[in-house]
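For the numbers below, each heavy atom of this structure counts, side chains included, while hydrogens, waters and symmetry mates do not. Residues take their numbers from the sequence shown, with the count starting at 1. In this text, all values refer to a predicted model and were calculated from it rather than measured experimentally.
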Amino acid sequence: MLECKNINEVRENIDNLDRQIVKLISERSKFVEQAAKFKTDTDDVKAPERVEAVIQKVKAIAEKNDVNPQIIEQVYRTMITCFINEELIHHSKINNKQ
């Protein structure tokens, strides 16, 4: 990891990471939108067992990458909730067309 010499370097690096994170979230959102067409009902969209599996997976990844697993869990739970809400909208649109 790069050792920054001042706060401006820290902020520049964080800004660069934020651009990458947003790009990856955008890519993830496109897969979430696609998932809606493969699910039969809103329970499939909500998929609580899948949510918990994802949470356990990312917490394990967090531990391997020396980041607090509780932070990752909170971030992912928030992100997943938002994506479920988006997926429910897409799922509803798909089902109303049929």
Side-chain angles (χ1 to χ4, degrees):
M1 183 168 116
L2 175 69
E3 184 68 31
C4 298
K5 296 178 183 82
N6 57 54
I7 190 66
N8 288 332
E9 282 187 19
V10 170
R11 289 176 178 157
E12 287 173 19
N13 282 288
I14 289 172
D15 289 347
N16 185 36
L17 288 170
D18 286 341
R19 281 188 287 280
Q20 293 175 52
I21 291 167
V22 170
K23 182 180 177 189
L24 290 171
I25 291 171
S26 173
E27 288 180 38
R28 192 181 197 283
S29 73
K30 289 172 179 67
F31 285 111
V32 168
E33 186 175 332
Q34 288 184 51
K37 65 185 171 187
F38 298 107
K39 298 182 179 176
T40 57
D41 57 33
T42 58
D43 288 340
D44 282 347
V45 173
K46 294 175 185 176
E49 57 287 330
R50 171 67 178 150
V51 170
E52 293 310 312
V54 170
I55 295 300
Q56 294 310 310
K57 175 191 70 176
V58 297
K59 285 173 69 175
I61 294 169
E63 288 176 4
K64 290 178 184 174
N65 286 278
D66 197 30
V67 63
N68 184 332
Q70 280 68 43
I71 292 172
I72 296 303
E73 179 176 1
Q74 288 180 328
V75 168
Y76 264 79
R77 284 197 187 278
T78 300
M79 183 172 64
I80 289 169
T81 297
C82 293
F83 279 134
I84 287 172
N85 291 336
E86 282 292 306
E87 190 176 349
L88 285 168
I89 292 167
H90 291 293
H91 186 267
S92 175
K93 288 178 184 176
I94 290 166
N95 285 330
N96 287 334
K97 288 181 183 178
Q98 295 174 353

So, do Asn95 and Asp41 sit near enough that their side-chain heavy atoms are less than 4.5 Å apart? no

Considering all heavy atoms of both residues, which atom of Met79 and which atom of Ile25 are nearest to each other, and what is their separation? SD-CG1, 4.1 Å

With heavy-atom distances below 4.5 Å as the criterion, would you say the side chains of Glu73 and Val58 are in contact? no

Nearest heavy-atom neighbours spanning Val51 and Lys46: CG2-O, 3.6 Å

Only counting residues at least two apart or in another chain, list the ones meeting side-chain contact (heavy atoms from CB on, under 4.5 Å) with Glu33. His90

Spell out, yes or no, whether Val67 and Tyr76 are grouped together once hydrophobic residues are joined by side-chain heavy atoms under 4.5 Å, including indirect joins. yes

Give every residue pair that meets the side chain to side chain donor-acceptor pair (under 3.5 Å) criterion with at least one member in residues 1-19, sequence neighbours excluded. none

Please tell me if the side chains of Lys30 and Ser26 come closer than 4.5 Å, counting only heavy atoms from C-beta onward. yes

Can you list the residues that meet the side-chain contact (heavy atoms from CB on, under 4.5 Å) rule with Val32, with sequence neighbours excluded? Arg28, Phe83, Glu87

Return each pair, listed once, that meets side chain to side chain donor-acceptor pair (under 3.5 Å) where at least one residue sits in residues 60-69; pairs must be two or more places apart or across chains. none

Check side-chain contact (heavy atoms from CB on, under 4.5 Å) between Asn85 and all other residues, then give those that pass, not counting sequence neighbours. Thr81, Leu88

Which pair of non-hydrogen atoms, one from Ala62 and one from Pro69, has the smallest distance, and what is that distance? CB-CA, 3.9 Å

Those residues at least two apart in sequence (or on a different chain) that pass salt bridge (Lys or Arg N to Asp or Glu O under 4.0 Å) with Glu52 are Arg77

Taken to the nearest 0.5 Å, the spacing of Lys37 NZ from Ile94 CD1 works out to 7.5 Å

In this structure, CD1 of Ile72 is separated from CD1 of Ile61 (nearest 0.5 Å) by 9.5 Å

Under 4.5 Å between any side-chain heavy atoms of Glu27 and Lys23, yes or no? yes

Examine Val54 and Ile21 and state if one hydrophobic cluster contains both, with Ile, Leu, Val, Met, Phe, Trp and Tyr joined whenever side-chain heavy atoms are less than 4.5 Å apart. yes

